[in-house]
Enquirer: 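Supplied in structure tokens, the structure appears directly below.
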Protein chains: 2
Amino acid sequence: MSTQSVVTAIRVLEAVSDNQPAGLSELSREVDVPKATVLRMLRTLAELGWVAQSEAQAGKWVLTNHAFAVASRGSSGSVIRDAAMGPLNALQLDTTETVHLAVPDRGYMLIIERLDTPHVLRAFLPLGSRLPMHASSTGMAYLSAADEAFVDGYLAGPLEALTPQTVVDPVQLRTMIVDTRARGYSINEQGLSTGITSIGVPLLGPGGVAAGSISISGPSSRIVPAKYQEYGEAAAGTALEISRALGAFSTKGY
Amino acid sequence: MSTQSVVTAIRVLEAVSDNQPAGLSELSREVDVPKATVLRMLRTLAELGWVAQSEAQAGKWVLTNHAFAVASRGSSGSVIRDAAMGPLNALQLDTTETVHLAVPDRGYMLIIERLDTPHVLRAFLPLGSRLPMHASSTGMAYLSAADEAFVDGYLAGPLEALTPQTVVDPVQLRTMIVDTRARGYSINEQGLSTGITSIGVPLLGPGGVAAGSISISGPSSRIVPAKYQEYGEAAAGTALEISRALGAFSTKGY
DNA sequence: TTCGTCGGTTCACTGGATGAACCGTTGGTT
DNA sequence: AACCAACGGTTCATCCAGTGAACCGACGAA
């Protein structure tokens, strides 16, 4: 691996992100690098405007907005977002429920956009949330379109339960993935958050490769089984439109 | 400045963010560093999962979602967001228009959250958008609460016009800031985007320091002058609540 | 008073970062 | 078809920038 100081710096940055507000010794332990080195990295990152000392607690380090600003222009983020927002907007207006746009990130689904329901009772996920794939409709939808090797790898890893309803049994999850493929959409009943149900559909990018997913979410009292099919099909139609825009089915190669 | 390889790496990262999909020579020129060095940085960042070669165009580099995921847990982001989302949600339901939450980033306002209107005609800003301060209601609201030195510095810089309605005259902008202070809210009529009007109010953090701002936005056909006061006062009430939660007026220090 | 841990500093050593010069390829021009 | 400029990417001798063990003063608990 090259440029190890850069590697260290980025690892420090990620450690800050995960532990903020984070202390020096804490970070040093986390990254397994001497305090002096960690501090040097923090100072450098601070000069660049990516981290700062917390005003509330001296000696504690936090990420700045600038990091967010730079990273928001994320590539697949933008490309997918540009293709997705139009159809997604229509889907939201049709269903009147909250819709999410998510892309994969290291075993999690990252929520990159959200269009809100007008209802007072709202499912709420802050932008940038990372959801475990097995515990979210977006994740299961993504897995249903991902290649077998990825699914095997994911299911082999540790699977955490977020609510009593979260399914963590690999065998059961595999069945659910098969069902999702057959049905065209995934269903998550309170597996992510108690009282929330959601319906997910995968998005395909060039070459038909899984690129992300969309979902319709709301309180379980409104998203009842009788509506699954209607919402599932609406979302599937929207997803098809987006996938097409992403070039999933273009024969002309890339 | 210390750890120059880290500095170079981050500069390369930011250059990728600004120019993606970006080529090697292009980045080398942008950052003013030899191609070999830039390439080494790109490879290191790629190993860490922050950038990747574009699938569409070989040799072009793009940011990954992972960068976004790490950075979304941005500090002031989270703190302000946690304090703001409740009151902001109420404001959105009250006004039925789109509301935004923005924080400053190097002379721009960074949109970190959005709650949508149920109306079919929607003002739309993707999350992570950066708006020039002088061209947005959030920016003018922020400036109205920022310290004089910052305002002077900002107005001294180049001020770009985004629409024919954008005000770029420093003298006029200064008057608008004074008006905003007196009134309690800023008004932006089509200065950011033709057909969009918005009302902004600053948020204060600990010590009464400007920390960000909120806004109500919509089509100019709906956000008419007759509604300015109502919306402005509603937003000001919400902002007060958020600022209080952020500890803007606590006497107990920190 | 003692102890452990905190954030932060120092400095001699050396291995990792640097960048000029290079290669093969591509695409436009004549 | 010959040319050329610009592309992405590679090589390697040079040397300086990054490293980390040992250290400091401050603080809180026992």
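Labels below follow one simple rule: chain letters A, B, ... track the order of the sequence lines, proteins then strands, and each chain is numbered from 1.
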Enquirer: Between the base of D:dG9 and the side chain of B:Lys35, is there any donor-acceptor pair under 3.5 Å?
Expert: yes
Enquirer: A:Arg43 has a side chain; which of C:dG19, C:dT9, D:dG9 sits nearest to it?
Expert: C:dT9
Enquirer: If you pin B:Val33 and A:Ala22 to their nearest nucleotides in DNA chain C, which one's is more 5'?
Expert: A:Ala22
Enquirer: Nearest whole angstrom, please: distance from the P of C:dG19 to the CE of B:Met41.
Expert: 9 Å
Enquirer: Can you tell me the distance, in whole Å, between the CG atom of A:Leu39 and the P atom of C:dT10?
Expert: 11 Å
Enquirer: Which atoms form the tightest heavy-atom contact between A:Pro34 and A:Ser28, and what is the distance?
Expert: C-OG, 3.8 Å
Enquirer: If an axis is fit to five pairs at each end of the helix from C:dT1-D:dA30 to C:dT30-D:dA1, what is the angle between the two, to the nearest 10°?
Expert: 40°
Enquirer: What's the CH2-P distance between B:Trp61 and D:dG8, to the nearest Å?
Expert: 11 Å
Enquirer: Looking only at heavy atoms, what is the nearest atom pair of A:Trp61 and A:Ala46, with distance?
Expert: CZ3-CB, 4.1 Å
Enquirer: From the options D:dT19, C:dG8, D:dG18, select the nucleotide whose nearest atom is closest to the side chain of A:Leu24.
Expert: C:dG8
Enquirer: So if I take every side-chain heavy atom of B:Ser25 and compare against C:dG19, D:dC7, C:dA17, which nucleotide ends up nearest?
Expert: D:dC7
Enquirer: Roughly how many Å is it from CZ in A:Arg40 to P in C:dT10, rounded to a whole number?
Expert: 13 Å
